[in-house]
Amino acid sequence: MKEAEVDAVLGRDPRNVHALVAKGDLRAAEGNDRLAGDFYRAALRAAAARPGEPGQAAIVQRAEAALQRISGSFEDHLEQGLSALGFPPDRRPLRFQESIEILTGRREVKLELQRPGGYFYPGLPQRRYYERAEFDWAPAIESMAPLMLKELSELQAAESDAFSPYMISDTTRPRHDFHGLVDNPEWSTLYLWQDGRPVDRHVAHCPQTFDAITRLDLPYITRRAPSILFSRLSPGARIPAHAGVLNTRLICHLPLIVPPGCGFRVGGETRQWRQGELLAFDDTVEHEAWNEGQSERILLIFDVWRPELDASERAAITALFQVVDSYGA
């Protein structure tokens, strides 16, 4: 099938197994194994949700074989890249080596509270929240909340459409609609740091906010982290339960506007945002948020390293994602 034909099928049925595998084949033919793997995995998930469809067994076997080939290629790339960056197998922190074995499927792990969607680092405490008193920098950041809100207000006055939906559809990847929130402005964001670089036009309006946050112990991990953003949740909106991608960081919320009726749950524990008070949590624990108030809720969100990781582990994790993100580039 030609790509336009495949896209037409997926436009009608985003979980069509044959079309997802065909899309993977097209990317593999271009040498883009990374993206091909995304489509093959999406095909297997779709097949598992629709067992017994005619002709499906053969196409599933083909996707599985393609993923096995991609997995071997990825492992070779990973080992060569880590060694080149100074982390050969005999010079890796113990927990880091275990994380590699989990990532590549050579070691099984029993997940508890933490259920990361991409990368699991073993041996970290299974905690929902971290307390403000655990961070010596928290009082200084909290004291700046009124100034941060002022800078955001000035930015919005200068750029009325600065916020955009947090989740934006990407036609180059398997389609996934997160409970109707894809392209939905009810959950929207305004970034100061995104995809590995500052958003200069926004930073220009929020210089003191940006300076204060970038002085913290942020994980600079390729395009993946950090994120520094204002998050807006419209009245009546709800962010359904979900979990983050990697458990080597903590997500920090600094509430700037919190109307009555808002709430936040991590694991089985619900807490209330309080304006100007830091809230830190592990986002690989299932969490959800809601705004049942009459006006918008706005937070400043940023991520910091997990405090339990030492310098050698942080360097190894940073190198890992440098290698991972160069695969198929």
Problem - L216 vs I141 side-chain heavy atoms within contact, under 4.5 Å - result: yes
Exercise for the section: Output all residues satisfying side chain to side chain contact (heavy atoms under 4.5 Å, CB included) with V203, sequence neighbours left out; order by chain, then residue number. Expected result: L192, P198, F210
Handout entry: Whether F96 and Y121 hold their rings parallel, tilted or perpendicular, with breakpoints at 30° and 60°
Key = tilted
Problem - E98: partners by side chain to side chain contact (heavy atoms under 4.5 Å, CB included), with sequence neighbours left out - result: L94, R107, P122
Exercise for the section: Output all residues satisfying salt bridge (Lys or Arg N to Asp or Glu O under 4.0 Å) with D310, sequence neighbours left out; order by chain, then residue number. Expected result: none
Handout entry: Pairs touching residues 56-68 that satisfy side chain to side chain donor-acceptor pair (under 3.5 Å), sequence neighbours left out
Key = D25-R62
Practice task
With sequence neighbours excluded, tell me which residues meet salt bridge (Lys or Arg N to Asp or Glu O under 4.0 Å) with R106.
Solution key: E75, E79
Exercise for the section: Anything under 30° is parallel, anything over 60° is perpendicular, the rest tilted; go ahead and classify W187 against H242. Expected result: tilted
Practice task
Only counting residues at least two apart or in another chain, list the ones meeting side-chain hydrogen bond (donor to acceptor under 3.5 Å, both in side chains) with D283.
Solution key: none
Exercise for the section: Just jot down the salt bridge (Lys or Arg N to Asp or Glu O under 4.0 Å) partners of R132, sequence neighbours excluded, or say none. Expected result: E142, E277
Exercise for the section: Apply side chain to side chain contact (heavy atoms under 4.5 Å, CB included) to Q275 and list each qualifying residue two or more places apart in sequence or on a separate chain. Expected result: none
Practice task
List in chain and number order the residues that pass salt bridge (Lys or Arg N to Asp or Glu O under 4.0 Å) with R271, two or more places apart in sequence or in another chain; answer none if no residue qualifies.
Solution key: E131, E269
Practice task
Under the side chain to side chain contact (heavy atoms under 4.5 Å, CB included) rule, collect the residues that match up with P125, sequence neighbours excluded.
Solution key: R127, Y130, R306, E308
Handout entry: Side-chain touch I100/L82, heavy atoms, less than 4.5 angstrom
Key = yes
Exercise for the section: Kindly write out the residues that satisfy side-chain hydrogen bond (donor to acceptor under 3.5 Å, both in side chains) with R115, not counting sequence neighbours, or none if the list is empty. Expected result: none
Show me, pair by pair, the donor-acceptor contacts under 3.5 angstrom made by side chains of residues 251-262, not counting sequence neighbours?
| residue | atom | partner | partner atom | Å |
| --- | --- | --- | --- | --- |
| H253 | ND1 | W273 | NE1 | 3.1 |

